[in-house]
Participant: 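Sharing a structure, written as structure tokens. Questions coming.
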Amino acid sequence: DQRMYEIYGFEHLGRPATYQDWLDCLHADDRDAADAALHSALEGDQDFDIEFRVWRHSDGQLRWVKATAMVQRAPEGTPLRMTGINYDITERKQAETQLMQTAAQLQASNQELEAFAYSVSHDLRSPLRAIDGFSRALLEDYGHQFDSEGKDYFERIRSNISRMGMLIDDLLRLSRVSRAEMHYGTVNLSDLAQEQIRDLQAAEPNRQVNVAIAPDVIVEADSTLMRVVLTNLLQNAWKFTSHHATAQIEFGVIREGEQPTYFVRDDGAGFDMTYANKLFGVFQRLHNTHEFPGTGIGLATVQRAIHRHGGQVWAEGAIERGATLYFTLPNSHPHRSLEV
């Protein structure tokens with residue numbers, strides 16, 4: 001029809017297009033495959049369904065075409081004609097190419113950034129150890145010569161050295177989460193959560209925290225990354241409830257349809273939802289370090305681990321009314337989940 005002639009640039013041909021006209025306008029790299037696919041369809045071996053490039057006869061433009069057709073046959077099986085459709089898919093192919101190029105550039109940039117962060121973090125350790133060692137030696141050997149103000153300056157130096165060390169450790173952890181090869185296996189999230197709670201309770205036995213952990217939450221995922229996720233989320237919940245005399249922390253799963261949503265909930269300091277988009281950024285903090293210690297890298301690490309599973313992570317909260325961190329694992333296969 002007229003539209004097919006326009007796709008191939010045959011509208012000014014001045015005569016009906018022939019099979020040879022069609023063959024001649026195919027891109028040299030696609031010609032043999034398209035010709036073979038057509039003859040294979042005529043012989044009854046397979047359907048005609050192929051994508052190829054053509055040089056438009058009228059203006060020489062390179063276009064992408066998707067062609068599908070059915071072969072009509074005589075009663076004895078002899079092919080009589082082919083009836084089909086040709087689609088101009090040039091814009092789709094251009095978009096796919098652009099997307100692939102962008103994805104490749106993004107992957108290369110991420111790899112460079114992660115390698116840079118890993119290298120810098122390691123290189124920072126040596127001078128940091130030197131500063132820490134010499135400042136400690138000064139206090140030990142010459143501390144009697146300093147007044148209280150001088151000693152206070154040294155304590156501040158030591159405190160900032162400690163914080164810098166924590167930042168380096170967290171950056172390295174984030175880099176490892178991004179670079180480590182993933183190994184899927186059966187992971188009991190309930191057991192991981194219980195282990196982390198036991199460690200937190202052992203470190204602060206006087207805290208009055210009521211913990212509820214849904215039993216037997218088992219998924220197919222990378223166990224190392226899921227340990228990182230639950231460790232960070234539960235440590236955050238423990239930390240941000242520390243100013244309350246009693247606290248509630250819960251780990252569970254909500255099943256709606258086929259996609260379970262896992263969560264860690266607390267009734268602690270919470271946050272203003274206006275700034276929820278900042279929670280998962282590196283070095284982003286919604287509370288100052290005097291209120292709650294930390295580096296602002298933990299939730300960025302959680303997000304990176306969840307994204308590597310193909311999942312999503314988000315948060316809901318209110319000031320002094322607690323927070324809930326949700327995550328999904330669409331590429332995992334839950335064995336059993338508790339509805340809450």
Participant: Measuring from His307:NE2 to Phe280:CZ, what's the distance to the nearest 0.5 Å?
Facilitator: 8.5 Å
Participant: Measure from the ring center of Phe327 to the ring center of His309 and say whether it is less than 6.0 Å.
Facilitator: no
Participant: Hey, does the side chain of Arg56 reach the backbone of Glu6 with a donor-acceptor pair shorter than 3.5 angstrom?
Facilitator: yes
Participant: Which value, rounded to the nearest 0.5 Å, describes the distance between Leu234 atom CG and Phe251 atom CZ?
Facilitator: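 One finds 8.0 Å between CG of Leu234 and CZ of Phe251.
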Participant: Rounded to the nearest 0.5 Å, what's the gap from CZ on Arg129 to CG on Asp132? Could you check?
Facilitator: 10.0 Å
Participant: Taking side-chain hydrogen bond (donor to acceptor under 3.5 Å, both in side chains) as the cut-off, I'd like each qualifying pair that reaches into residues 188-200, sequence neighbours left out, listed once.
Facilitator: Asn188-Asp191, Glu195-Arg227, Gln196-Thr231
Participant: My understanding is that only residues two or more places apart in sequence, or in another chain, count here; which of them pass ring pair (Phe, Tyr, Trp, His ring centres under 6.0 Å) with Phe146?
Facilitator: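 Phe154.
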Participant: Sequence neighbours excluded, which residues qualify as side-chain contact (heavy atoms from CB on, under 4.5 Å) partners of Ala17?
Facilitator: Tyr5, Phe10, Leu13, Asp21
Participant: Parallel, tilted or perpendicular: which describes the rings of Tyr326 and Phe263, with under 30° parallel and over 60° perpendicular?
Facilitator: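 Rings of Tyr326 and Phe263: tilted, 30 to 60°.
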Participant: Please check if the number of heavy atoms outside Arg321 that lie under 6.0 Å from its CZ is greater than 12.
Facilitator: no
Participant: Keeping the roles fixed (side chain from Thr102, backbone from Gln98), state whether a donor-acceptor pair exists under 3.5 Å.
Facilitator: yes
Participant: Taking Thr328 for its side chain and Thr261 for its backbone only, find out whether a donor-acceptor pair lies under 3.5 Å.
Facilitator: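 Answer holds: no.
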Participant: So Val228 and Thr301, do their side chains get closer than 4.5 Å, heavy atoms only?
Facilitator: yes
Participant: Is it the case that more than 12 heavy atoms not belonging to Arg156 sit under 6.0 Å from its CZ atom?
Facilitator: no
Participant: Rounded to the nearest 0.5 Å, what's the gap from CD on Gln303 to CD1 on Ile306? Could you check?
Facilitator: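 Here the rounded value is 9.5 Å.
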Participant: Do the side chain of Arg31 and the main chain of Leu26 share a donor and acceptor less than 3.5 angstrom apart?
Facilitator: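 Between the backbone of Leu26 and the side chain of Arg31 there is a qualifying donor-acceptor contact (under 3.5 Å).
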Participant: When you measure from the centre of the six-membered ring of Trp238, is the NZ or CZ of Arg207 under 6.0 Å away and within 45° of the axis?
Facilitator: yes
Participant: Using 0.5 Å steps for rounding, measure from the OG1 atom of Thr78 to the CZ atom of Arg73.
Facilitator: 8.5 Å
Participant: Can you tell me how far OH of Tyr262 sits from CG of Leu230, rounded to the nearest 0.5 angstrom?
Facilitator: 11.0 Å
Participant: Donor-acceptor pair, distance only, cut-off 3.5 Å: does the side chain of Ser40 make one with the backbone of Ala36?
Facilitator: no
